[in-house]
Amino acid sequence: MALFVNNTKIPRPYFSGLRVNAFVNGKKVWNPIPTILALSVARGDLSATTVGNNAIFGGGGTPYSAVVDAYDASLTRTIPTALSQSRSIRYGAATFGTKALFCGGYAPGTNTYSAVVDAYDASLTRTNPTGLAYGRSNPGVAKVGDYIIVAGGSYYGGNGDSSLVEAYNTSLVKSTPTALPVGQVGSGSGSIGIYALIAGSNYNNVARATVTAYNTSLARSTPTALSTARSSIGAVAIENHLLFGGGIPASAVVDTYDASLTRSTLTPLSSARGLLAAAYTGAGDILFGGGATNSGTVDVYNTALTKTGVLSLSVGRSTLTAATVGNYTLFAGGVSPASAKVDVYTKNLKHFFST
């Protein structure tokens, strides 16, 4: 059904459950919801974070890409300066203050692990601080206090699994805290209270449940391990908990840590899967979306850590990523095959998506 306002046809976007009333010249009409453009390049294995008034989605490994897409709080898409190197950068971004960092990755070529760090400020201007000591893909990247830490990852040499931890302060000066107790690759990472956690691993192709913590002084400790060994985990922080959901080998487990690093285990995801994305809407709902193999499921938990429902993506896919900006949570990209799709959930969990 077409919508006309003042004799002007307004296109209806793709949506699910978004019938909203408005009045124009005293008459009830459809209230058009925002539309959103797809990513400028279809790709999976990308990373996302929010800086200033923009959710930014950078890189990609399926295919390799340096493209950065940015969406502001009105869902207007811009394309800032690209990353300085095309690379797969899954789970490799984090923000502190007014700086977002995209760290390491895997670049085209033979055993080409990336040491590049690209930084974007709130105006989406790119700079390049000192790179990593050596190239690493799939490190754990998380904010803690005035630092972003880059922990572990795969690298070319040794046994292939790194225990190196590097930290950038708000001036983007790099330091080297105590290393991980064991190499961790493909970990879930995030922050809670005064800690950043690096959780799970695919160490020497064997899943591990190791969790390593760094506090705001970059002192290392070892909390209780995950309840199930796994990597490629969806990680998301809320006000008082950090959740780790899913993983590979295919897992439906959701573990959570509070600010004292006490672990509990929640109702599982509705299906076992890794390579999923996770985000907090900012309005009481935690979303775990997509995953291998080409899952279209979005599991919903509330801030009381109760599972409250299951939603759907417009297209099932894995190696997607997610970020929240303003009133919207965006799940973007992925492979099913390579996708440019962007699914949007409002703060009341209404859903629409790019064409």
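Quick note: residue numbers are just sequence positions, from 1.
- Between Y91 and S189, the closest side-chain pair of non-hydrogen atoms is not below 4.5 Å.
- Considering all non-hydrogen atoms of both residues, S354 and A340 come closest at OG-O, 4.2 Å.
- Note: Y113 and Y106 meet the aromatic proximity criterion, with ring centroids under 6.0 Å apart.
- Between Y155 and Y134, the ring planes are tilted. Angles from 30° to 60° get that label.
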Working for side chain to side chain donor-acceptor pair (under 3.5 Å), residues S123 and T125
CA-CA 6 Å; S123 65; T125 300; 3.2 Å; yes
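- Proximity of a side-chain donor or acceptor of K99 to a complementary backbone N or O of A119 within less than 3.5 Å is not detected.
- Side chains of L83 and V68 form a contact here, defined as non-hydrogen atoms less than 4.5 Å apart.
- Residues P63 and R43 form a side-chain contact, since some pair of their non-hydrogen atoms from C-beta on lies under 4.5 Å apart.
- A donor-acceptor contact closer than 3.5 angstrom is absent between the side chains of T176 and E166.
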Quick one: do F96 and D146 satisfy side chain to side chain contact (heavy atoms under 4.5 Å, CB included)? Show the steps, please.
CA-CA 7 Å; F96 59 156; D146 293 328; 5.6 Å; no
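- Of the possible donor and acceptor atoms, none in the side chain of S171 sits under 3.5 Å from a partner among the backbone N and O of V173.
- Hydrophobic clustering (ILVMFWY, side-chain heavy atoms < 4.5 Å, transitive): V185 and I198 are in distinct clusters.
- Atom-to-atom distance recorded for I233:CD1 and L275:CG is 11.0 Å, nearest 0.5 angstrom.
- For the pair H241/L305, a side-chain contact is recorded, criterion being any heavy-atom separation below 4.5 Å from C-beta on.
- For the pair L243/L266, a side-chain contact is recorded, criterion being any heavy-atom separation below 4.5 Å from C-beta on.
- Side-chain contact of R273 with S271: a donor-acceptor pair under 3.5 Å is present, judged by distance alone.
- Contacts of T329 classified as side chain to side chain donor-acceptor pair (under 3.5 Å), with partners at least two apart in sequence or in another chain: T324.
- A heavy-atom distance below 4.5 Å is not found between the side chains of V141 and I149.
- Salt-bridge formation is detected for the pair D255/R230: a Lys NZ or Arg NE/NH1/NH2 atom is positioned less than 4.0 Å from an Asp or Glu carboxylate oxygen.
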Assess whether side chain to side chain contact (heavy atoms under 4.5 Å, CB included) is satisfied between R220 and T212, documenting all intermediate values.
CA-CA 7 Å; R220 191 192 77 188; T212 307; 3.6 Å; yes
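- We find the CG-CZ distance between D299 and F288 to be 8.5 Å, quoted to the nearest 0.5 Å.
- Linking Ile, Leu, Val, Met, Phe, Trp and Tyr whenever their side-chain heavy atoms come within less than 4.5 Å leaves V144 and L261 in two separate clusters.
- Side-chain contact between L197 and Y257: present, with at least one pair of heavy atoms (C-beta onward) separated by less than 4.5 Å.
- Residues R87 and D118 are paired through a salt bridge, judged by an N-O separation under 4.0 Å between the basic side chain and the carboxylate.
- Checked by atom type, the side-chain pair N128/S84 shows a donor-acceptor distance below 3.5 Å.
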One pair to check against side chain to side chain contact (heavy atoms under 4.5 Å, CB included): Y214 and L180. What are the steps and the verdict?
CA-CA 10 Å; Y214 290 85; L180 298 167; 3.8 Å; yes
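- Residue Y328 is grouped with residue L39 when hydrophobic side chains (ILVMFWY) are merged at heavy-atom distances under 4.5 angstrom, including chains of intermediate members.
- Contact between L218 and S175 at its shortest, heavy atoms only, is CD1-OG, 4.2 Å.
- The nearest pair of heavy atoms linking A279 to A322 is CB-CB, 3.9 Å.
- By the rule that hydrophobic residues join a cluster once side-chain heavy atoms approach within less than 4.5 Å of another member, V254 and V236 end up as members of one cluster.
- For the residue pair T49/T95, the side-chain donor-acceptor check at 3.5 Å is satisfied.
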Show me the donor-acceptor pairs within less than 3.5 Å that the side chains of residues 311-320 make with the rest of the protein, sequence neighbours left out.
residue: S314; atom: OG; partner: D343; partner atom: OD1; Å: 3.2
residue: S314; atom: OG; partner: D343; partner atom: OD2; Å: 2.9
residue: R317; atom: NE; partner: G333; partner atom: O; Å: 2.5
residue: R317; atom: NH1; partner: V315; partner atom: O; Å: 2.8
residue: R317; atom: NH1; partner: D343; partner atom: OD1; Å: 3.0
residue: R317; atom: NH2; partner: F331; partner atom: O; Å: 3.2
residue: R317; atom: NH2; partner: K341; partner atom: O; Å: 3.3
residue: R317; atom: NH2; partner: D343; partner atom: OD1; Å: 2.9
residue: T319; atom: OG1; partner: D45; partner atom: N; Å: 3.4

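- For the pair N240/D258, no side-chain contact is recorded, criterion being any heavy-atom separation below 4.5 Å from C-beta on.
- At distances below 3.5 Å, not a single donor-acceptor pair connects side-chain atoms of Y120 with backbone N or O atoms of T98.
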Could you go step by step and tell me if V300 and L287 meet the side chain to side chain contact (heavy atoms under 4.5 Å, CB included) rule?
CA-CA 5 Å; V300 184; L287 308 181; 3.7 Å; yes
